[in-house]
Each structure stands twice: as C-alpha cells, then as structure tokens.
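All values derive from a computational prediction rather than experimental measurement.
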Amino acid sequence: MSDKNSRFICMAGEIVPYKNATIGIGAVALKYGAQIFEGIRCYKMRNGAYNVLAMEQHIQRLFDSARIMRMPIPFTAEEIKAQIIATLKANNLTADSYIRLACSVGEDGPITSTGDILVSIAAFAQGRKTFPEGQKVCINGWQRISDAQMPPRIKCVANYQNGRLAMLQAKEDGYDNVLLTDSRGKVCEAPTATFFLIRGGKLITPAVTDGILESITRDIVIRLAQRLGYTVIERSIDRTELYLAEGLFFAGTGAEILPVGSVDGFTIATLTNEIYHQIHQGYFTVSCAEDAGFTDYYHLTSL
C-alpha cells in the first residue's frame with residue numbers, strides 16, 4: 001500500500017493505524033540510537049500462499065542483538081511470529097512484501113536506559129529488486145566500524161550511519177553502491193548487504209569476523225553454492241581482488257541477489273557468469289518455498 005494512512009502497524013502487540021504508531025520525542029531510541037531491527041521478506045507462492053522467508057532465523061538474530069545491547073524483549077519468539085502474521089493480514093497484502101521488526105528503548109531517560117522496550121512491526125508491499133546492467137560500485141574513504149567500536153554483528157540503527165555516510169558520498173560521486181573497507185584495507189561489505197566474489201570458479205566472501213553483519217541471506221547463498229558443487233571460501237579480501245573478479249554480487253534480505261557491473265571503473269562480467277545465474281535462480285526458488293532442501297527457512301501462511 002502506498003498510502004500510509006491506510007496501513008496498520010503492530011505496536012506492543014496491538015494492531016493500530018499507521019498515524020497512531022508513535023514514539024516519544026525524548027525516547028532513548030531517538031536520542032541515542034537505541035533501536036535494533038530486522039528486515040524480513042514475504043514472498044507469494046505459485047499456489048497463492050505466502051512464505052515468510054527465514055522468519056525464525058531473523059527473530060533469533062533480533063534476540064542476539066538484544067542480548068548484546070542489554071535490551072530485554074517483552075515477548076517470546078512465538079509471540080513475535082504471531083504478531084508478524086497478524087500485521088501482514090491487517091494490511092491485506094496480496095503480493096511480495098517487506099516486514100520491518102524493531103525493538104526500541106522507548107523511555108525518556110539517560111544513555112544507559114534499557115527499559116520500556118517497544119516492539120513494532122510494519123509490513124508493506126515491495127517487489128523484487130532488479131538491476132539489469134549491474135550496479136556501478138566504488139570503494140571510498142569511509143571505513144567499516146569494528147567489533148571493538150560498534151559491533152557490526154548487532155543489527156542496530158546506530159550502526160547504519162557508518163554505511164549511510166559512505167553511500168551518500170558514493171551517490172554524490174555518481175555510483176549506485178559502495179563497499180567499505182576496514183582499518184587494514186580489507187573489503188567488508190556494502191551498507192545494506194554482504195557480497196560474494198567469484199574467481200577461479202570459486203565463491204569468496206568475508207568471514208563473519210571481518211566486520212560484517214552475520215547475514216542470513218549469506219548463509220542461504222553458501223548452502224546453495226555448496227549444494228551446486230562449488231567451493232565457498234570465507235576469508236579476508238583485498239580491494240584489488242575485486243578488479244580481477246569473474247563475477248561479483250550483493251546478497252541481503254532487501255537487496256536479494258544483485259549483480260555488480262563494475263568496481264572503481266573496472267568492468268565485472270557478472271551478468272555473463274554462470275555461477276551468478278545459478279545462485280540468482282536458486283535464491284528465488286528458495287524464496288518461494290520451492291526447494292525441499294531449505295524447509296528450515298520456510299514459514300508458510302495464508303493471508
């Protein structure tokens with residue numbers, strides 16, 4: 001739905017109109033960025049039912065983020081699952097959609113506040129992302145945050161300012177996306193997605209200890225690639241390795257599987273790479289719950 005006034009949000013377990021889904025201006029979530037969240041995709045299947053992709057995995061990651069952020073979530077995982085389905089139904093969504101699940105420190109207090117955790121769930125129509133020519137990507141001067149500063153494995157709002165600054169610069173410079181490097185110059189990830197490099201017929205991606213979010217889509221891609229018989233290597237990646245890639249693509253809940261057409265002006269032939277196309281096709285087969293090898297990522301429902 002494009003009209004926000006006709007949408008419904010789940011706030012603290014209750015379905016309310018969009019205009020009533022508010023948080024106090026003095027909330028610690030606003031003053032100090034004390035909010036964690038998850039983005040979840042819901043795909044319409046051929047039979048008219050829906051698959052909330054990796055819902056259990058996303059909720060578990062939310063609880064992992066909450067543990068590190070010392071934010072006690074006032075609902076169980078099962079209760080949150082039910083609230084997600086209720087939000088989808090309340091919005092009468094009939095196509096692919098996107099769900100934003102968040103936990104915010106709602107009280108007006110000091111930076112150390114951990115109470116009054118407000119759980120909110122929004123759902124809205126969102127189709128698949130396409131980039132037929134591949135994204136034009138750069139690496140600029142912004143460095144990725146580290147585990148010793150603002151741990152990237154926490155999916156919190158504050159962490160995204162790091163990638164936002166890099167993306168704003170990239171857009172200003174005429175690029176579609178950006179890859180951030182760490183203090184060693186190793187390539188970490190894009191602001192909203194992880195990435196895979198194809199070289200020598202193998203897939204290479206940064207390790208989870210290399211300043212990246214522990215991506216759920218990353219896990220799906222690795223599993224798909226290994227089942228197809230490809231070697232997947234998790235290690236640190238140099239910037240110049242990207243220039244020699246046979247293929248390069250982003251992977252994430254929002255990004256899905258997006259091809260890269262160039263990095264810093266070096267052309268990458270991702271769109272003619274067979275491995276990329278196999279992964280792309282395989283991912284959407286999983287998304288629509290048509291792959292029996294990924295049932296642990298499926299939550300099937302009618303809306």
Side-chain angles (χ1 to χ4, degrees), residues 23 27-41 54 57-73 80 98-107 109-114 117-122 137-171 175-196 205-219 234 236-237 250-256 258:
I23 188 170
V28 174
L30 293 182
K31 292 192 296 187
Y32 301 113
Q35 183 190 86
I36 56 175
F37 73 100
E38 287 292 325
I40 308 171
R41 285 267 194 172
Q57 289 84 352
H58 280 287
I59 293 173
Q60 180 57 57
R61 190 170 64 181
L62 183 81
F63 276 87
D64 290 345
S65 293
R67 178 178 175 82
I68 299 174
M69 291 280 283
R70 303 175 190 269
M71 294 170 60
I73 297 176
I80 291 174
Y98 189 87
I99 302 150
R100 192 179 193 280
L101 165 64
C103 295
S104 310
V105 178
E107 69 175 298
I111 195 171
T112 53
S113 297
T114 59
I117 304 300
L118 176 63
V119 179
S120 60
I121 304 169
V137 177
C138 71
I139 296 174
N140 57 32
W142 293 99
Q143 286 189 358
R144 185 66 170 140
I145 50 178
S146 76
D147 191 67
Q149 298 164 336
M150 298 175 71
R153 66 171 36 85
I154 302 175
K155 193 171 177 67
C156 67
V157 168
N159 281 354
Y160 278 75
Q161 293 308 303
N162 175 228
R164 182 174 183 271
L165 289 168
M167 181 64 92
L168 287 170
Q169 184 63 55
K171 292 287 188 180
Y175 293 92
D176 302 311
N177 212 333
V178 60
L179 282 161
L180 289 93
T181 56
D182 63 17
S183 60
R184 305 169 299 158
K186 305 299 183 181
V187 187
C188 300
E189 61 184 353
T192 60
T194 190
F195 78 96
F196 285 81
T205 193
V208 293
T209 51
D210 278 355
I212 68 170
L213 177 71
E214 294 183 342
S215 165
I216 293 165
T217 310
R218 175 183 182 275
D219 293 341
E234 301 176 60
S236 298
I237 296 174
F250 293 118
T253 299
E256 298 171 313
L258 278 180

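Contact record, Thr253 with Arg41: O-NE, 3.0 Å, taken as the closest heavy-atom pair. Closest non-hydrogen pair, Val28 versus Ser113, comes out as CG2-CB, 3.7 Å. The two residues Asn159 and Pro151 make their nearest non-hydrogen contact at ND2-O, 2.9 Å. The two residues Phe195 and Thr205 come nearest to each other via the heavy atoms O-OG1, 2.7 Å. Residue Val178 comes nearest to Pro191 through the heavy atom pair O-CD, 3.2 Å, listed as atom of the first residue, atom of the second, then distance. Across all their heavy atoms, Gln35 and Ala102 have their closest contact at CD-CB, 4.0 Å.
Proximity of Thr192 to Met167: side-chain heavy atoms (C-beta onward) are nowhere separated by under 4.5 Å. A 4.5 Å side-chain heavy-atom check between Lys186 and Asp210 finds every atom pair outside the cut-off. Using a 4.5 Å heavy-atom cutoff, the side chains of Arg218 and Glu234 are in contact. Within the 4.5 Å cutoff, no side-chain heavy atoms of Gln169 are placed close to those of Tyr175.
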Verdict with supporting geometry, Gln161 and Met150, side-chain contact (heavy atoms from CB on, under 4.5 Å): CA-CA 11 Å; Gln161 293 308 303; Met150 298 175 71; over 6 Å; no
Salt bridge (charged side-chain N to carboxylate O under 4.0 Å, His left out) evaluation trace for Glu189 with Arg144: CA-CA 8 Å; Glu189 61 184 353; Arg144 185 66 170 140; 2.5 Å; yes
task: Check the pair Lys155, Glu38 against salt bridge (charged side-chain N to carboxylate O under 4.0 Å, His left out), reporting the backbone distance first and the verdict last.
output: CA-CA 7 Å; Lys155 193 171 177 67; Glu38 287 292 325; 5.6 Å; no
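Ala54 pairs by the side chain to side chain contact (heavy atoms under 4.5 Å, CB included) definition with Gln57, His58, Ile216, Tyr297, not counting sequence neighbours. Evaluation of the side chain to side chain donor-acceptor pair (under 3.5 Å) rule for Asp182 yields Arg184 as partners, not counting sequence neighbours.
Separating the OG atom in Ser215 from the CZ atom in Arg153 is a distance of 13.0 Å, to the nearest 0.5 Å. For the atom pair Cys156 SG and Leu213 CG, the distance stands at 10.0 Å (nearest 0.5 Å). Atom CD1 of residue Ile117 and atom CD1 of residue Ile36 lie 7.5 Å apart, to the nearest 0.5 angstrom. With values rounded to the nearest 0.5 angstrom, Ile80 atom CD1 is found 5.5 Å from Cys103 atom SG. With values rounded to the nearest 0.5 angstrom, Thr114 atom OG1 is found 7.0 Å from Glu107 atom CD. Separating the CG atom in Leu101 from the OG atom in Ser120 is a distance of 7.5 Å, to the nearest 0.5 Å.
Only one option out of Leu180, Thr181, Ile212 pairs with Val187 in a side-chain contact (heavy atoms from CB on, under 4.5 Å); it is Thr181.
Of the possible donor and acceptor atoms, none in the side chain of Thr194 sits under 3.5 Å from a partner among the backbone N and O of Ala251.
For residues 63-73, there are no salt bridge (charged side-chain N to carboxylate O under 4.0 Å, His left out) pairs, not counting sequence neighbours.
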